[in-house]
Asker: 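The structure is given below, and queries will be raised subsequently.
Convention: sequence-line order gives letters A, B, ...; per-chain numbering from 1. Please read all numbers here as calculations on a predicted model, not as lab measurements.
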Amino acid sequence: MGRQIKDVRRHGKQVFFELDGGVLYIHLGMTGKLLWNGIRTKYARAILGLEDGTLIYDDVRQFGRFEFYPELPEERQKVGPDALTVTFEEFLSRLKRRSGSIKTVLLNQAFIGGVGNIYADEALFASAIHPKARASKLSRKRAQRLHDQVLAILKLAVLHRGSSISNYVDADGACGSYQQQHNVYGRAGEACPRCGKAICRIVLGQRGTHYCPGCQHV
DNA sequence: CAGATCACCTGCTTGC
DNA sequence: TGCAAGCAGGTGATCT
């Protein structure tokens, strides 16, 4: 009510609207969308009237967050460095401290913020690393390739306005198109574009994981 | 302490 | 056609 938006920041998958006297914390979860002057469906969970328009927070599955805090609590800040800005040396030193599989480490937002299931699978494919490879055992060279590919894929996906698997749209209601360039995600059984072997789907860390058994190595 | 297993919620697709 | 099971862009709590 009568508050001003001073700044809008993003860190990993989290968005922060800095207001006078508080902060609006937003995480879209799996099916969350922010719609600018969009259609109010039955899944509109919050509606923000601004001077020049309306912001709707729409989320079918309600896994996302749209929360106002006078002061941002600690548990809303427990995220590692942002995937798009983390330096390679920082990325490598953090990798060395993780014992798990590289796929689950990439998904861990405390490691780096911003990589989700689609982009973890795509980045591992692009760098020819098996999702079960031990994070701490990756050579400097392979870690360098992975860091390069995480950045390249996230930037490319942003350029294509994301991946619309079933219903994601951006603030203007437009679908993303990056799903057309997925090499492994959602392509189990199809031929690997690099070596021709069939793409596999396994479950790793409770998440569907897609990779090529022919050219991604442990 | 890491890894597995649920839990949260709703809709769509698949298979009998 | 109907109905149950499995799947989904993500965390987070609680076990073993």
Asker: Could you name each residue pair satisfying ring pair (Phe, Tyr, Trp, His ring centres under 6.0 Å) that touches residues 190-216 of chain A, not counting sequence neighbours?
Answerer: A:His130-A:Tyr211, A:Tyr185-A:His210
Asker: Show me the donor-acceptor pairs within less than 3.5 Å that the side chains of residues 157-164 of chain A make with the rest of the protein, sequence neighbours left out.
Answerer:
from     : atom 1 : to       : atom 2 : distance (Å)
A:His160 : ND1    : A:Ser177 : OG     : 3.3
A:His160 : NE2    : A:Gln181 : NE2    : 3.1
A:Arg161 : NE     : A:Asp170 : OD2    : 3.4
A:Arg161 : NH1    : A:Asp170 : OD2    : 3.0
A:Ser163 : OG     : A:Tyr119 : OH     : 2.6
A:Ser163 : OG     : A:His182 : NE2    : 2.9
A:Ser164 : OG     : A:Tyr168 : O      : 2.7
A:Ser164 : OG     : A:Gly176 : N      : 2.7

Asker: Among residues 24-34 of chain A, which residues get a heavy atom nearer than 4.0 Å to DNA chain C?
Answerer: A:His27, A:Gly29, A:Met30
Asker: Identify, residue by residue, the members of residues 108-133 of chain A with a heavy atom below 4.0 Å from DNA chain C, and return them in order of residue number, or none.
Answerer: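 A:Gln109, A:Gly116, A:Asn117, A:Ile118 - these, ordered by number, are the residues of the stretch whose heavy atoms sit under 4.0 Å from the strand.
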Asker: Sugar-phosphate means primed atoms, P, OP1 and OP2; the rest is base. With that split, encode nucleotides 5-10 of chain B 5' to 3' as B, S or - using protein heavy atoms under 4.0 Å.
Answerer: BB-BBB
Asker: Both distances under 3.5 Å, Watson-Crick or G-U wobble: on that basis, could you give the dot-bracket string for DNA chain C, with [ ] for crossing pairs and | for other-strand partners?
Answerer: .|||||||.|||||||
Asker: How would you label the contact of A:Arg134 with the nucleic acid (heavy atoms, under 4.0 Å): base, sugar-phosphate, or nothing?
Answerer: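 Sugar-phosphate: the residue A:Arg134, judged by heavy atoms under 4.0 Å, touches backbone atoms but no base.
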Asker: Quick one: list whatever passes side-chain contact (heavy atoms from CB on, under 4.5 Å) with A:Gln4, sequence neighbours left out.
Answerer: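 Here the qualifying residues are A:Lys6, A:Asp20.
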Asker: Show which side-chain atoms of residues 193-205 of chain A pair as donor or acceptor with protein atoms under 3.5 Å away, not counting sequence neighbours.
Answerer:
from     : atom 1 : to       : atom 2 : distance (Å)
A:Arg194 : NH1    : A:Phe125 : O      : 2.9
A:Arg194 : NH2    : A:Phe125 : O      : 2.8

Asker: Under 4.0 Å, heavy atom to any atom of DNA chain B: which of residues 154-172 of chain A qualify?
Answerer: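 Under 4.0 Å from DNA chain B: no residue of residues 154-172 of chain A.
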Asker: Which pairs, with at least one residue in residues 4-34 of chain A and sequence neighbours excluded, count as a ring pair (Phe, Tyr, Trp, His ring centres under 6.0 Å)?
Answerer: A:Phe16-A:Tyr25
Asker: Which pairs would a plain distance check flag for residues 144-155 of chain A, meaning a side-chain donor or acceptor within less than 3.5 Å of a matching protein atom at least two apart in sequence or in another chain?
Answerer:
from     : atom 1 : to       : atom 2 : distance (Å)
A:Gln144 : NE2    : A:Asp148 : OD1    : 3.3
A:His147 : NE2    : A:Val86  : O      : 2.9

Asker: With a 4.0 Å cut-off on heavy atoms, is A:Arg98 in touch with a base, just the backbone sugar-phosphate, or nothing at all?
Answerer: nothing
Asker: Please list, in numerical order, the residues of residues 180-194 of chain A that have a heavy atom closer than 4.0 Å to any atom of DNA chain C.
Answerer: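 Close to the strand are A:Tyr185.
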